[in-house]
Amino acid sequence: MFPFFKKKAIAVPVETYEESRFAAGLETATAKKTYKNDVRALQKKFYEVRKDLRRRSDPSGTLVVFGQEDGAGRFRYFVGDLVDTPDQPEGVVVTELPPGDYAEIHVKFSTPSGLAMSVTRAKQFFMEKWLPGSGYALRDGVESMELYDQRSNIQLPSIELMFPLQKNED
């Protein structure tokens, strides 16, 4: 087979955060059926409160958190900016990334429309291939996180896909 038809293997390094990191923004409960409309409305509200966030991180980044589905197929969706303090204005939700291990996949895409396919492929690889034999499990409550930072623009199209981990108990 020609080498340019081969898909590159997905690397899954595990990073250990020594200190908490925070993101401040908004969240909603949604389901696959209402996801697009719910997210669009939430992002519009977020852009209105974004200017009021205190001590946005430098370098900055926007974090999207997908919660794990409940029995009814609903999940938490959070969008917010990285901040250096959990002290935020009233009505703003603060999500903590506590110290611990995080799997991180650097996801590249060539066009904005290719992002969804690249993220789906990386998530599928992580859940079906990497996680089962890794010695880790996902931490309760979070399915995945997407970090959009200065690399996410069209000149350097990539994001970080992150998964909070806990070691399996043997």
Side-chain angles (χ1 to χ4, degrees), residues 7-8 10-17 19-32 34-69 75-86 88-89 91-127 130-131 138-139 141-165:
K7 290 186 178 181
K8 290 185 181 178
I10 297 174
V12 186
V14 174
E15 299 290 333
T16 301
Y17 295 176
E19 297 179 12
S20 289
R21 296 173 72 187
F22 301 98
L26 300 174
E27 69 181 5
T28 190
T30 188
K32 288 179 183 174
T34 60
Y35 170 77
K36 284 185 180 182
N37 289 336
D38 292 341
V39 167
R40 192 174 302 127
L42 185 69
Q43 287 176 338
K44 185 177 179 180
K45 288 179 191 173
F46 172 63
Y47 290 125
E48 293 171 9
V49 301
R50 180 184 239 171
K51 66 186 178 331
D52 299 325
L53 299 181
R54 297 181 183 133
R55 294 185 49 206
R56 289 174 57 197
S57 297
D58 185 18
S60 64
T62 299
L63 186 71
V64 173
V65 178
F66 294 87
Q68 294 172 335
E69 282 190 18
F75 60 93
R76 170 183 172 241
Y77 178 90
F78 168 89
V79 60
D81 283 351
L82 296 177
V83 293
D84 294 332
T85 180
Q88 296 296 324
V92 171
V93 175
V94 176
T95 293
E96 177 184 8
L97 284 70
D101 293 333
Y102 291 80
E104 296 183 353
I105 300 174
H106 188 76
V107 178
K108 295 180 181 180
F109 56 99
S110 55
T111 63
S113 61
L115 175 60
M117 183 59 80
S118 296
V119 168
T120 299
R121 182 175 161 259
K123 282 184 180 183
Q124 183 179 17
F125 173 83
F126 177 81
M127 296 294 187
W130 188 87
L131 190 60
L138 287 175
R139 265 192 236 150
V142 176
E143 185 259 354
S144 64
M145 299 180 289
E146 298 173 6
L147 178 61
Y148 298 83
D149 58 15
Q150 70 272 12
R151 297 169 293 183
S152 302
N153 65 43
I154 201 63
Q155 287 80 28
L156 302 167
S158 65
I159 68 163
E160 290 299 319
L161 182 59
M162 301 164 35
F163 302 89
L165 303 172

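K45 has its side chain within reach of L26: a pair of non-hydrogen atoms, C-beta onward, lies under 4.5 Å apart. A 4.5 Å side-chain heavy-atom check between D84 and D58 finds every atom pair outside the cut-off. Side-chain contact between H106 and E160 is present, with heavy atoms from C-beta onward closer than 4.5 Å. Residues V142 and Q68 have side chains not in contact (no heavy-atom distance under 4.5 Å, counting atoms from C-beta outward).
Between the OH atom of Y47 and the CG atom of L42 there is a distance of 10.0 Å, given to the nearest 0.5 Å. Atoms CD1 and CG, from I10 and L161 in turn, are 9.0 Å apart once rounded to the nearest 0.5 Å. Note: R121 CZ to I105 CD1 = 10.0 Å, rounded to the nearest 0.5 Å. To the nearest 0.5 Å, atom OH of residue Y77 and atom OG1 of residue T34 are 12.5 Å apart. Within the model, atoms CG of L97 and OG of S20 stand 8.5 Å from one another, a figure rounded to the nearest 0.5 Å. The line from CG of D38 to CZ of F75 is 8.5 Å long, rounded to the nearest 0.5 Å.
At distances below 3.5 Å, at least one donor-acceptor pair connects side-chain atoms of Q88 with backbone N or O atoms of R54. Judged purely by atom type and a 3.5 angstrom limit, E143 has no side-chain atom pairing as donor or acceptor with the backbone of G67. In this structure, the side chain of R139 does not engage the main chain of P164 through any donor-acceptor pair within 3.5 Å.
P99 approaches E96 most closely through the heavy-atom pair CD-OE2, 4.5 Å. Here the closest non-hydrogen pair linking L63 and A23 is CD2-CB, 3.9 Å. Summarising the geometry of A24 relative to V92, their closest heavy-atom pair is CB-CG1, 3.7 Å, with the distance given to 0.1 Å. In this structure, F78 and V93 approach most closely via the heavy-atom pair CE1-O, 3.6 Å. Taking both residues in full, the closest heavy atoms of F126 and A103 are given as CE1-CB, 3.5 Å, listed atom of the first, atom of the second, then distance.
Of the options V107, V64, L82, I159, a side-chain contact (heavy atoms from CB on, under 4.5 Å) to L147 is made by L82 and by none of the others.
Judged by the 6.0 Å and 45° rule, K123 forms a cation-pi pair with F66.
Side-chain contact, R50 with T62: a donor N or O sits under 3.5 Å from an acceptor N or O. Checking D101 against T16 by side-chain atom types alone, a donor-acceptor pair falls below 3.5 Å. Side-chain polar atoms of T95 and R76 form a donor-acceptor pair below 3.5 angstrom.
The number of heavy-atom neighbours closer than 6.0 Å to NZ of K51, taken from other residues, nucleotides and ligands shown, is above 12. Heavy-atom contacts from other residues, nucleotides or ligands closer than 6.0 Å to CE of M117 number 12 or fewer. Atom CD of E19 sits in a sparse spot, with 12 or fewer heavy atoms from other residues, nucleotides or ligands closer than 6.0 Å.
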Residue pair Y17, Y102: steps toward the ring-ring contact (aromatic ring centres under 6.0 Å, His included) verdict: CA-CA 8 Å; Y17 295 176; Y102 291 80; 4.3 Å; yes

